[in-house]
Structures are given as C-alpha cells and as structure tokens.
Protein chains: 2
Amino acid sequence: MTATEAPRGTAQAELAGPATAAGPGALAGLSSRSRALRPSGKVLPEHARSHNRALVLQTLYTTGAQSRADLARGTGLTRVTVSDLVAELMGEGLVVELGQREDARPGKPATLLDVARSAFRIVGIDVSGHRVVRGAVLDLSGTILERAESPLGGATGERAFELVAELAARLVGLATAPVLGVGIGTPGVVDPRGTVRSAPNLGWADLPLQARLSARLGLAVHATNDANAAVLAEHGAAEADDLMLVKIGHGVGAGLIVGGRLVTGSGFASGEIGHVVVGTDGGPRCVCGRDGCLEAWLSVPRLTEQLDALGADADEAARDDVLAEAGRRLGIVLAPVVGALDLPEIVLSGPAHLLDGPLIAAALETLRKRTMAEQTRDLRLRMTAHGQDIVLHGTAVMVLSGELGVS
Amino acid sequence: MTATEAPRGTAQAELAGPATAAGPGALAGLSSRSRALRPSGKVLPEHARSHNRALVLQTLYTTGAQSRADLARGTGLTRVTVSDLVAELMGEGLVVELGQREDARPGKPATLLDVARSAFRIVGIDVSGHRVVRGAVLDLSGTILERAESPLGGATGERAFELVAELAARLVGLATAPVLGVGIGTPGVVDPRGTVRSAPNLGWADLPLQARLSARLGLAVHATNDANAAVLAEHGAAEADDLMLVKIGHGVGAGLIVGGRLVTGSGFASGEIGHVVVGTDGGPRCVCGRDGCLEAWLSVPRLTEQLDALGADADEAARDDVLAEAGRRLGIVLAPVVGALDLPEIVLSGPAHLLDGPLIAAALETLRKRTMAEQTRDLRLRMTAHGQDIVLHGTAVMVLSGELGVS
DNA sequence: GAAGTTTGTTCGTAAGCTTTACTAACTTTC
DNA sequence: GAAAGTTAGTAAAGCTTACGAACAAACTTC
C-alpha cells in the first residue's frame, strides 16, 4: 500500500487545531499534518513522522531541486524513508518531479524533485501602515505575485477589522492556485492564538483576529505582531540563530529571534522597546507622557519634523547631526540587549533615507562604545533588504512555518 | 523545521557534547539514552522513546510520589507504556517502588513510585568565588549532603585547573552512592562543549574543562558559565519560562532563560552585562578603562568601598543613598532588556546585606519608571532563595537535565 | 456477599524506520 | 564492445514503539 492511498482522515481531524480552520480541497489535510501539537509532551510515532516529513520539505525548500538520494544524504534518513515521505508529499501536491538530472555521472540518473512552489499561494496582510492596509498574494517561494491595498481612513475597531477581512477576501480571489493560508502582521500585542490583546492605534482589544478571519475565509490564518513578522522575514534569509529587528515607523518596535526561535515574551509583548527611556539626561516629551522614550527620539514623525525644522536649504552637516543623535539614542537602548543576549546581528527596517546613513553609523559606533569589545567586534548592524515588503514577506514565512513546518 | 519543536533539546544536546564520557556500571547506559541527539533533524523511534522516558521521569521528579496510573494520566501516555518505561527506569535504579498507597479508595490499591533520589549523587563545583573553589555532593533532589572547598590562593591557568580537578575527585570520593555526573560553574565564556573559551580572572583560554575533567574522573561532566548555572538553579523552582538572574559579586553577570531555554548567545557570551555603560552622565572608572560600566557602579568591591568611605558611624540614610544609586543604575541597564524580552521576573544573587533593601527597591522603581507600565506592572524583582549555594544547585540542575532530561 | 472501581499486566496490532537485497540505468575500463 | 563499477529508487522483512482490548487482583460500597 502506498502512502497516498492510506486513509488517514481521522488522524488529521484529531490533529487539526481548533483555532485554525483547515482549507478546502487538496489542502484539507495539510495544515494539520506538520504541526507538532504536543501540549504536555509525549511523542508518538506520528509526531516523529510529521517531523521527518517537515524536515524533508524544509531541505527541499532551502537547498532547492535535488534527488531522493540527495535528500536522504541531507537529512540523515534512509533512501527508503525519503522515498516514502516524498510519495506522501507528492500525493498532496506539495512536491513535484522535475525530470532527470542532466549532468553525466556514473549510475542511474537521478530524478530531481522540488517543492511545488507555484502550486499554492499565500496571502499576506500588513496592517502596520499608518494610512493603508497592504496585502499581497505570494507563491511558496515568497515571491509577490499580486498586490492590493485599502486606505485605512482612520478606521478603528470593527470597521478596521472589516477592511482587513475584505482585503484578505479580495486577495484570496486573486489567487490563481489554492491558498495555503493567510498571514497577518498587525501592530500591538498579539497572543499565540492570533488574538490581538491590545492595539491602541487600531482600537482593537481582545480581538480574535485569527479565529474570526479563519472562520470567514475558510482558510488557515496566522496572525502576529508586525515586528515579529518582520524578523521572521529577515530570519528566513539569515543563517544566524540570533537576530533582532528594529522596526522604525510611526512607532518603534522590535522582533527578536533567540536560539532560532521567535521570542514572544511572558505577556506576548516582547520587542516593545518604543517606550523605554533612553539615557539619563532627559529628552523630548513622548506621547506616553514621559521624557526621553526611544520612540520620542527615533520615530519617523519626530525625525521628519526635526529635519523639516532645519529648512529646505539646511546644511548637510546639520541634517547628519540630527540623524546621528537619533542613532546614538538607538545604540544606547540596544547596548544592554546586545550585551545580555550576545546578539550577532541587528537589522533595521524603516525609511532608508532616514535610517541608512549617519543614523545607522552612529548607532553602531555607540553600541561598540557601550559594550564589551569581544561581543560587538563582529556585530552587524544593517538595513533590511526586504524594504517596504518586510512584513508581507514575514507573514508568508509564518504561514509556511505554521502550515508546512518550513521556514 | 517546526518553529515550536525543531530545536527542542538543543540545550541538552549541546550541553552534553561528545566529550562527555559515560559513567561506569549502572550508569553506563544512562547518559546516552536520555540525550536528544538531533543535531539537525531526523527523529527516530528511539528518540521518541527517550523523550517519553524523560517525560515520565520529569513528571515523577516534579510531582513526587505517584502510581503508574497517575503517571499515565499526567503524561498522556497509556498505562501500558508507562509501565514499560517505569520498568526500564527501575532496572536502571532511577525509580523505586515505595509500597502501596495508604488512602482508602475503591479499586486495587496503587503502588507508589518515586525517583530514587538517594540512589545517585551529583558533584557540583563552583569556581566563581574569588578566593575559594567550592564544591558539594548533592542527591538527586538537589539537597547538599557534603561540602568541601579549596583555597584558590591566586592560582591561575593549569594550577587552577589542578585545584578544581582535585576538589572534584575528593568530592567523588565522598559520595556514598554512584555519581550521576559532575557539574561545574565557572566565570568566563564557556561553549556548549564545556570548553572555557576565556576566563581572564583564572587565566583560562580555550581550556577544555569538561573534556579533561571527564577523562580524568571517568564520569559525565557538564560545565557552564556561573551565571548560567545560577539561572538554571532558579528556574528549577520557578514556573516561569522567562527569567533573568543577575549575579553580583566581584563582577556582574547575568543568566537568561527565554522560552524555557537557556540563552547561550552567538558567541556563548550571553549575560555579559558587566561592561555595558549605564546612562549618559558618565560614572566611575571601570577596570576595563571606560567610565560608567555597570560593574563599576554595582560590583561588591565598589559598594563595600563606598560604604566604608562613609565611616562606621555613618548615617543610615547615607548608606541607603549609596545603595539606592547602585540600584537605579541596575534598573537603567535592565530596562531595555525587560522591554525587549517582556521579562516577568528578575532575580538577584549576591550579598543580601547589600542587595536586599534600598538597592533592589530602587532598581524596581527605576525599571517601572523607564518601561511601559503594561509590561512592568507585574514584574517581579527579588533576591534568590538559594543564597550562596545558587551555583552549586545550578550545576546539579545541569547534570540532571543533561543526564536524565529532568529539571 | 455481590457489584462496582481502580490498578497493573498480558497479548496482539498498527505505525514507522531500518537493513538487506534487488532492479534499472548509467559511466568507465579493458 | 562487453564487463565492471556506480548510483537511484523500490521491495520485503524485521525491529522498536506505543496503543487497544481484555483480564486478574484487590479494594470499597451497597
């Protein structure tokens, strides 16, 4: 009996989490399979199986087209087991054969396999913009195929949710292949079940974003904080297991990966460094009422305002001073975090014309001056390469990871 | 890789590197069995088995005496499987039957089981003292049964290693039951294989402490940074999955647990916050040459010196001011870390007469003032309950975790 | 004393991965 | 040009692991 014929519907139904609705058609079995649901800890054979299945898919995803034998060597599993898992994955449409390898080697020519990167779509939504909700349809490689956006127009609460839901539905409609899942990055505190505990700007409090959207779309939905999504996007490319991403926009927030895993925090509020006070010499008044919060120093509105105040014909040096001062403040706040976590890399996301230059240089210099040389000698501080789409890319990583165990 | 699951066990696997020799006799099979050997991925049935074995042991360890049926309910495994695993554990001498349960209930009376807490010993060594190396023999519950120490006498390099090795051997000799393993907490940067990459005070650089000691004693050895050991000790008792421990002595260091796992850092130098500069208003000159490092503000020699300078008949308020200022400085450094990680709890270790009072109060107040209210409202900042023995207890936790998968 | 309950074991089964052995299909070598 | 060697993928058998069903033991309750 081949794996594809195996009637395992019951097992899937049991594994499927209550919060995430399974998709229709070919996807019905997918979302449940790869997730390791181990609330209290025991490991059953089927868990091992799904782990190995995800491992094969992951290897194929990151290493690219290769044969079953290559996969066996790469994963440490035997060729037999790999063949079995691949048959299962092919049965679900996630993996396809590309044909025989061309190069001339002794032995039977290998049949190349690859993830069916165009067989499924991911819908990503970025609610972190101040004026618009942005969305996209991506393929399994994370390439953006379609875009759409909705002006937020100051909407909050239920109206804001409605805008998000409509945009998501519109994008699902644009998808020309089955949708694997929908990912959402939103500001605020989001718990692991995708409930927005608190997002003041959007007027959301205890909004079960993931559950409601999942019910409405009939698709698997994953929601997380926008900075967390961003750091997932960056981690997808980076090889490092420790990474911090600082997202600078209207507010300032961060996402952290430590030991290869996303840090959520005890109250799901990790990365909220925007209202940490910087230094011991005061600073600009913050919207939160205190003086010298990081956000008061560094937010895009504040920087823009300061630069505008210099006038259009301002000295280059004067502009640089403003930006360098903001960078120094960022460095001051990051130094203890870098020291405590021994971080090798920090990535900034936000308007490059403000961040990429004197600001980032001053931040790195400040970090070096305020931490042990051994730790920050190799520290990298750089702009993201994802640009404006970082949250969208991150939501795709989240869906891939959540649905297929791939990142 | 599955985000929630893939790297699990890495901490253990890394802690127990290939350098760890298995013990003799009854212990020969233990150390290898419980370790989750999953460098990059595949899961075999035997891995699942060892995981479940550790789960049973862990449940028994933390919940205390209970029946096989209780264990089955607690772990989610069936009674059959639990019986099988318990038989294996009893065969290795790790679990014993205590006799029938006394209370009057319908049904066949249950046979109570417990971890054989006195059947094995753990030897712990604390090299973090400035003048002496301290050691102890502990049972599996972490109770200290014997103590021994060696004056360091300014020894460094090979002589210091010799002192440690001799103390360890002496303690192994004092043990009246088979030794499960030896744990060492040392200052400096220690990699996952127990090699001390750098410990300036001891004159150690790239010293394979774990491997050499393991070869010499013929026992499993685990070595880690002293602050990491300390936070493991604290975590053993705490229920929280996120925890920071700040160890204040001659130097200042920290150990971090995030998401239930020890943070090692990209260069194995996590927690090195002693030489992070505090604030933007200068400060005392540090041994590292900079002004205003945390260690320059907060180290025990510095505090003692300041208090001594006040004179023996000093005002109580003056003493409090000195300590409160140090506490404020600690709060300033910790605020960004608390914000970034959303930490629920910070524990201090060090001389209570200095730390437990105005210092800790000022630190907490400063933390509250410099972070978002939502995050620090429930923040706990307290002294450790382990006192001077925190590193010794931590080394025991490390051995338990590394050898048995129990913590 | 009968009925019900709980414990712990025995026996057979399903799932999963491995080893061993095989065929297919190619390159290299003589 | 044929034999030898190499590699890919499959098939069969076996081992490990955990499960479910059934059962005996031993107790409480009625």
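Predicted model, so just to flag it, every value in this text is computed and none were measured. Below, chains carry the letters A, B, ... as their sequence lines are ordered, and counting in each starts from 1. Worth knowing before you read on, the calculation uses all heavy atoms, side chains too, and leaves out hydrogens, waters and symmetry mates.
- Considering only heavy atoms from C-beta on, B:L77 comes within 4.5 Å of B:L85 through its side chain.
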Original post:
Does the side-chain contact (heavy atoms from CB on, under 4.5 Å) test come out yes or no for A:R261 and A:H235, once each step is laid out?
Top reply: CA-CA 10 Å; A:R261 303 192 331 176; A:H235 184 62; over 6 Å; no
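- Going from atom CD of A:Q100 over to atom C1' of C:dC26 covers 9 Å, rounded to whole Å.
- For the OP1/OP2 pair of D:dG9 and a distance below 4.0 Å, the side-chain nitrogens and oxygens of A:T111 include at least one atom meeting the criterion.
- Within 4.0 Å of A:S67, counting heavy atoms only, lie sugar-phosphate atoms of the nucleic acid but no base atom.
- Separating the CD atom of A:E46 from the C1' atom of D:dT16 is a distance of 16 Å, rounded to the nearest angstrom.
- Residue B:T78 places its side chain closer to D:dG20 than to any other of D:dG9, C:dT18, D:dG20.
- With hydrogens and angles ignored, a donor-acceptor pair closer than 3.5 Å exists between the side chain of B:R79 and the base of C:dG8.
- Atoms NE2 and OG1, from B:H222 and B:T395 in turn, are 10.5 Å apart once rounded to the nearest 0.5 Å.
- For A:P106, whose side chain is taken as the heavy atoms from C-beta onward, the closest listed nucleotide among D:dG9, D:dG5, C:dG8 is D:dG5.
- Nearest nucleotide to the side chain of B:R49, out of D:dT17, D:dA8, D:dA11: D:dT17.
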**OP:** Evaluate the criterion side-chain contact (heavy atoms from CB on, under 4.5 Å) for residue pair A:E88 and A:V95; output intermediate values, then yes/no.
**Re:** CA-CA 9 Å; A:E88 184 180 314; A:V95 167; over 6 Å; no
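- In this structure, CZ in A:R121 is found 14.0 Å from CG in A:L219, a value given to the nearest 0.5 Å.
- Contacts of A:V80 with the nucleic acid, taken as non-hydrogen atoms under 4.0 Å apart, include base atoms.
- Distance CG (A:D84) to P (C:dT18): 11 Å, rounded to an integer number of Å.
- Computed from coordinates, the B:L71 CG to C:dT6 C1' distance equals 15 Å when rounded to whole Å.
- In this structure, A:R73 reaches the sugar-phosphate backbone alone: every heavy-atom distance under 4.0 Å involves primed, P, OP1 or OP2 atoms, never a base.
- Across the protein-nucleic acid pair, B:R68 atom CZ and C:dT7 atom P stand 12 Å apart, rounded to whole Å.
- Distance, B:E97 CD to C:dT9 P: 8 Å, rounded to whole Å.
- Distances shown here put a side-chain N or O of B:T81 below 4.0 Å from the OP1 or OP2 atom of D:dC19.
- One can place CG of A:L113 at 7 Å from P of D:dG9, the figure rounded to the nearest angstrom.
- The NE2-P distance, from A:H47 to D:dC19, rounds to 10 Å in whole Å.
- Within the structure, a side-chain polar atom (N or O) of B:K42 is placed less than 4.0 Å from OP1 or OP2 of C:dT18.
- Distance from the side chain of B:A69 is smallest for C:dT7 among the nucleotides D:dC19, D:dT7, C:dT7.
- Residue A:N52 places at least one side-chain N or O closer than 4.0 Å to OP1 or OP2 of C:dC17.
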